[in-house]
Amino acid sequence: MSAIPAPRTVRSADVVNEQIRDLWARTDGRLNPEDRAEYESLVTEWASAVGSGVAQRV
């Protein structure tokens, strides 16, 4: 078995931002610990997409 991780699909910042907005709307702005973990993961993914220039909706 290979130790090399499978390539991950890179989503655009716009797509991730939309998911962040959906999370906030779905939780009415109140994040439980599970939601907070999802939010932090999404923000990290968003920042990575912005930093790599993947800002267009795909």
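Just so we're clear, the structure is a prediction, and the values are computed from it rather than from any experiment.
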request  = Please say which of Val15, Val16, Val50 ends up in a side chain to side chain contact (heavy atoms under 4.5 Å, CB included) with Glu45.
outcome  = Val16
note = Closest heavy-atom pair, Ala49 versus Ala13, reported as atoms and distance to 0.1 Å, is CB-N, 3.6 Å
key: Donor-acceptor contact present, side-chain Ser41 to main-chain Ala37, <3.5 Å   = no
Thr44 side-chain N/O to Glu40 backbone N/O, donor-acceptor pair under 3.5 Å = yes
ask   = Between Asn32 and Asp35, do the side chains contain an N or O donor and an N or O acceptor separated by less than 3.5 Å?
value = yes
task = Carefully, step by step, assess Thr27 and Tyr39 under the rule side chain to side chain contact (heavy atoms under 4.5 Å, CB included).
result = CA-CA 11 Å; Thr27 62; Tyr39 173 73; over 6 Å; no
query = When you look at Arg26 and Glu38, which way does the salt bridge (charged side-chain N to carboxylate O under 4.0 Å, His left out) test go after all the steps?
reply = CA-CA 13 Å; Arg26 184 176 72 241; Glu38 179 182 358; 3.3 Å; yes
request  = Drop me the distance from Leu31's CG to Leu23's CG, to the nearest 0.5 angstrom.
outcome  = 5.5 Å
